[in-house]
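Scroll down for the structure; my scribbles are underneath it.
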Amino acid sequence: MIPEKAPKEDVFYGSGDLKKDAHIPSFDKYKELYLKSIENPNEFWGDIAKDFFWKTKHTGQFLEYNFDVTKGEIFIKFMEDASTNICYNVLDRNVHDRELGDKVAFYWEGNEPGDELTVTYKELLQRVCQFANVLKSQGVKKGDRVSIYMPMVVELVVAMLACVRIGAVHSIVFAGFSAESLCERILDSQCSLLVTADGFYRGDKLINLKLLADEALQKCRDKGFPIQRCIMLKHLSREAEETPLGSQSPPAKRSCPDLQQEKQTGRVKKTRPVPQVPWNPKVDLCWHTLVRGASDECEPEWCNSEDPLFILYTSGSTGKPKGVLHTVSGYMLYTATTFKLVFDHQPDDVYWCTADIGWITGHSYITYGPLANGATSVLFEGLPTYPDVSRMWEIVDKYNVSKFYTAPTAIRLLMKYGREPVQKYKRDSLKVLGTVGEPINPEAWQWYYNVVGEKRCPIVDTFWQTETGGHVLTPLPAATPMKPGSATFPFFGVVPAILNESGEELEGPSEGYLVFKQPWPGVMRTVYGNKQRFETTYFKKFPGYYVTGDGCRRDKDGYYWITGRIDDMLNVSGHLLSTAEVESALVEHEAVVEAAVVGRPHPVKGESLYCFVTLADGLTFNRTLEAGLKKQVREKIGAIATPDFIQNAPGLPKTRSGKIMRRVLRKIACDERDLGDISTLADSSVVEQLFQNRCCPDV
């Protein structure tokens, strides 16, 4: 499963300085603890659980499960008879038991340089209690679902922790998603309330969030599900007299009532327009007005270990997003443990994860994992290239960031600008670098290691999914030698295997389907409202295993290398997109009768969307139609799913049974003429026509 000894050839090691105080200081220690986590999970997780508060302590088996659909219903239960509250553990425990009340929980860095805010653990606890009381006053109770559609502001963390404090289930929707996507998620999880903001800036681009939220709520009403209450945060139009959230007040970004104000950005003065905020007094409530009258004390709701914690939607191969459900105790212990050990967290660290909280990375490694460890984090609203391409390294120096976690997409983007923007700043505080979202290519890994980390910072290239809750394959900074592009070895409690198409386990160096043989505490429990889809998606193909949907290679040293999605999913800028979902959006356009979407390699994003569309008889493909189709996808899914290329396809390569041969389309998108066996095509002449109609040059 893991090698007897740490391999020494063709590997990289991090700085030896880490080994002195590291939680896992050597490969031998990693191996010892890993074997304990597999052979005696009760003792391993029992020791970790002692660091947390339990209203009702656990007795009996720590973990019970069934992964085999042929033996009955799939289930995972972890510490089922215990009760706790995750908000209490990440805030009250740190403030009262660990005396960390005055420690900084978040340095908030706004889109514009100079917009900043410092929030301590004590202040965060007070604000969470206030908003928890607001939710209760609006009738939200344990088990209710609350939809959150907000930018990267501290109030987003406040809203999610307020939900879990009272036992409500949050469903956060990435603020880059469309009104249609928000509506779909509200309907699926039957949310009773929406929390949003007026708007925000991403670089120079204004996002009128409230307008999108209102459009989504209208769509919900049209479908027979009216939401009665929408709480809106004034982010761009914050009132000057409002009580500041943290220990210093942010600049009055867009003061009311004149709604425009010049701001000194540190580089140039900019005047930003403020969105016209629609307001429906029958539904809309002002965050600030509600909080102003709320008590800052709120008793937590004690929850069973297997009570729902949150729902987070991820793309599914059918085109309909899946509501991944995580539960309280297992997720809490797993995110806390992975954060502590994978980033080798130390009390004086300043940690920065550049992800958005709308994705699982932000849930696990901005909110829950870091706060459970009493960590100080940077929360960033902006873009890595705004107002210039040195912004990230400026922030690293500004806050003395020691642990830095970002996506390969961002690294590849910044590589284009060379070393100079990086080397303008010292970065001497950095100790560990991490990557997340997709496999990192060796060239980007080397640049990250050599230029950003100056050959002294180990890189933790983490593999995990929304469904896994936390890291499942990852290096450990002082313990495991690194190979550029490899996810290395399994985390504690995780047992990977590689299967062939027949479901047989492969030994030694091999390549096939990546599966896991048993659960770990943080794994998803179900697809919300659709147990059958949960079992079909993750357990039906290979009974007895959790199926990741990813291909994997294991080398001669036992290192695992993720080779990409096996199902009809694309990884664009670290975010999974369903080809079926994009195809569905395209064919909703009146001009399109059929569509097929494939991935095409992209030097920055990893994969780009290459779409083939067949038009209705008599219609002509032109730039106006192409722009309309891109707009349609943006409105249905979000900007992240905007097609890079759309090709007119009078015919698609299909088998005689009518199945589209997507592997042929992938070859056409990449202009690769070696098509393999196409003898099953009903009409092979369409292939040459598609090659001739290719809409993009090779890049």
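Nothing fancy with the numbering, it's 1 onward along the sequence.
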Discussion item. Quick test of your reading of the model: are Lys483 and Asp555 salt-bridged, counting only N-O distances below 4.0 Å?
Written reply: yes
Worksheet item: In Å, rounded to the nearest 0.5 Å, how long is the span from CG of Leu609 to NE2 of His602?
Response: 10.5 Å
Discussion item. Checking Phe339 now: which residues fulfil ring pair (Phe, Tyr, Trp, His ring centres under 6.0 Å) with it, not counting sequence neighbours?
Written reply: Phe343, His345, Tyr351
Fill in: Any donor-acceptor N/O pair, Asn94 side chain to Val90 backbone, under 3.5 Å
yes
Worksheet entry | side chain to side chain contact (heavy atoms under 4.5 Å, CB included) assessment of Tyr405 paired with Thr354 | CA-CA 6 Å; Tyr405 195 34; Thr354 68; over 6 Å; no
Practice prompt. Spell out, as yes or no, whether a donor-acceptor pair under 3.5 Å connects the side chain of Ser486 to the backbone of Tyr560.
Written response: yes
Worksheet item: Backbone N or O of Leu430 within a donor-acceptor pair of the Arg456 side chain at under 3.5 Å?
Response: yes
Worksheet item: So among Trp464, Phe177, Tyr313, which one has a ring pair (Phe, Tyr, Trp, His ring centres under 6.0 Å) with Trp359?
Response: Phe177
Discussion item. Set out, in order, the CA-CA distance, both residues' side-chain angles and the distance that settles side chain to side chain contact (heavy atoms under 4.5 Å, CB included) for Val173 and Ile148, then state yes or no.
Written reply: CA-CA 6 Å; Val173 179; Ile148 302 175; over 6 Å; no
Fill in: Within-4.5 Å side-chain heavy-atom neighbours: Leu473 and Thr488
no
Discussion item. Using a strict threshold of under 4.0 Å (side-chain N to carboxylate O), is an ion pair present between Lys631 and Glu635?
Written reply: yes
Worksheet item: Just checking, any donor-acceptor pair under 3.5 angstrom between side chains of Thr314 and Glu467?
Response: no
Worksheet item: Which one of Thr466, Thr338, Thr335 satisfies the side-chain contact (heavy atoms from CB on, under 4.5 Å) criterion with Ser364?
Response: Thr335
Practice prompt. Evaluate side chain to side chain contact (heavy atoms under 4.5 Å, CB included) for Leu379 paired with Tyr107, printing each intermediate quantity in order.
Written response: CA-CA 6 Å; Leu379 184 66; Tyr107 292 113; over 6 Å; no
Discussion item. With a 3.5 Å distance limit and no angle check, can you tell me whether Asn373 reaches the backbone of Ala336 through a side-chain donor-acceptor pair?
Written reply: yes
Item to complete: Please name the residue in the list Thr376, Asp348, Asp349 that meets the side-chain hydrogen bond (donor to acceptor under 3.5 Å, both in side chains) test with Ser402.
Response: Asp349
Discussion item. Restricting to salt bridge (Lys or Arg N to Asp or Glu O under 4.0 Å), what partner residues turn up for Glu672, sequence neighbours left out?
Written reply: Lys667
Practice prompt. Mind jotting down which residue pairs meet the salt bridge (charged side-chain N to carboxylate O under 4.0 Å, His left out) criterion with at least one end in residues 421-430? Sequence neighbours excluded, please.
Written response: Arg427-Glu454
Response to the item:
Residues at least two apart in sequence or cross-chain that pass ring pair (Phe, Tyr, Trp, His ring centres under 6.0 Å) with Trp393, listed by chain then number, are Phe404
Discussion item. As a quick check of understanding, evaluate ring-ring contact (aromatic ring centres under 6.0 Å, His included) for Trp352 and Phe380, giving each step before the final call.
Written reply: CA-CA 8 Å; Trp352 181 18; Phe380 181 45; 5.6 Å; yes
Worksheet item: Can you tell me how far CG of Asp198 sits from CG of Leu211, rounded to the nearest 0.5 angstrom?
Response: 12.0 Å
Item to complete: Mind running ring-ring contact (aromatic ring centres under 6.0 Å, His included) on Phe612 and Tyr610 for me, showing each step along the way?
Response: CA-CA 7 Å; Phe612 297 84; Tyr610 194 111; 5.0 Å; yes
Discussion item. On a heavy-atom basis, which atom in Pro475 and which in Ile459 lie closest, and how many Å separate them?
Written reply: CG-O, 3.8 Å
Worksheet entry | Partner set under ring pair (Phe, Tyr, Trp, His ring centres under 6.0 Å) for Phe492, not counting sequence neighbours | Tyr30, Phe44
Practice prompt. Report the C-alpha distance between Tyr365 and His471 in whole Å, list the side-chain angles of each, state the deciding distance to 0.1 Å, and finish with yes or no for ring-ring contact (aromatic ring centres under 6.0 Å, His included).
Written response: CA-CA 10 Å; Tyr365 299 116; His471 308 136; 4.2 Å; yes
Discussion item. Nearest 0.5 angstrom please: Trp445 CH2 to Trp447 CH2, how far?
Written reply: 14.0 Å
Worksheet item: Are Glu109 and Lys398 ion-paired here, with the side-chain N under 4.0 Å from a carboxylate O?
Response: yes
Worksheet item: Under a 4.5 Å cut-off applied to non-hydrogen side-chain atoms, are Ile395 and Val378 in contact?
Response: yes
Worksheet item: Which pairs, with at least one residue in residues 636-645 and sequence neighbours excluded, count as a salt bridge (charged side-chain N to carboxylate O under 4.0 Å, His left out)?
Response: Glu180-Lys636, Glu588-Lys636, Lys605-Asp644
Worksheet item: Within the distance-only criterion (no hydrogens, no angle test), does the side chain of Thr474 pair as donor or acceptor with the backbone N or O of Val342 below 3.5 angstrom?
Response: no
Worksheet item: Should Gln446 and Met415 count as side-chain neighbours, where that means a heavy-atom distance under 4.5 Å?
Response: no
Fill in: Shortest non-hydrogen contact between Ala355 and Gly362, atoms and distance
CB-N, 4.3 Å
Practice prompt. Give a yes or no on whether the backbone of Tyr386 and the side-chain of Arg391 come within a donor-acceptor separation of less than 3.5 Å.
Written response: yes
Worksheet item: Quick one: are Leu161 and Leu371 in side-chain contact, heavy atoms under 4.5 Å?
Response: yes
Worksheet item: Taking Lys403 for the side chain and Asp344 for the main chain, is one N or O donor matched with an acceptor at less than 3.5 Å?
Response: yes
Worksheet item: Is there a side-chain contact between Val396 and Ser429 (heavy atoms, below 4.5 Å)?
Response: yes
Worksheet item: Between Met150 and Ala175, what is the shortest heavy-atom contact and its length?
Response: O-CB, 3.5 Å
Fill in: Gln465-Asp550 side chain donor-acceptor pair, cut-off 3.5 Å
yes
Worksheet item: Hey, are the side chains of Leu476 and Phe27 touching, using non-hydrogen atoms and a 4.5 Å cut-off?
Response: no
Discussion item. Keeping Ser608 on the side-chain end and Arg600 on the backbone end, is there a donor-acceptor pair under 3.5 Å?
Written reply: yes
Worksheet item: Any donor-acceptor pair under 3.5 Å linking the side chain of Thr196 with the backbone of Tyr149?
Response: yes
Practice prompt. Give a yes-or-no answer on whether the side chains of Tyr425 and Glu394 include a donor-acceptor pair shorter than 3.5 Å.
Written response: no
Discussion item. Looking only at side-chain N and O atoms, does Thr120 offer a donor or acceptor that is under 3.5 Å from a partner on Asp102?
Written reply: no
Worksheet item: Would a 4.5 Å heavy-atom cut-off, applied to side chains only, mark Ile646 and Leu629 as touching?
Response: yes
Worksheet item: Is any side-chain heavy atom of Tyr399 closer than 4.5 Å to a side-chain heavy atom of Glu116?
Response: yes
Worksheet, complete the sentence: Nearest heavy-atom approach of Ile172 to Gly358 is CG2-CA, 3.9 Å
Worksheet item: Checking Arg202 side chain against Gly382 main chain: does a donor-acceptor pair fall under 3.5 Å?
Response: yes
Worksheet item: Could you give the distance from OG (Ser390) to CD (Glu420), rounded to the nearest 0.5 Å?
Response: 6.5 Å
Fill in: Nearest-0.5 Å distance, SG of residue Cys457 to CG of residue Asn450
11.5 Å
Worksheet item: For the residue pair Arg694 and Ile668, what are the closest heavy atoms and their distance?
Response: NE-O, 2.7 Å
Item to complete: Any chance you could measure Leu433, atom CG, to Thr406, atom OG1, to the nearest 0.5 Å?
Response: 10.0 Å
Discussion item. If you compare all heavy atoms of Cys552 against all heavy atoms of Leu514, which two are closest, and at what distance to 0.1 Å?
Written reply: CB-CB, 3.6 Å
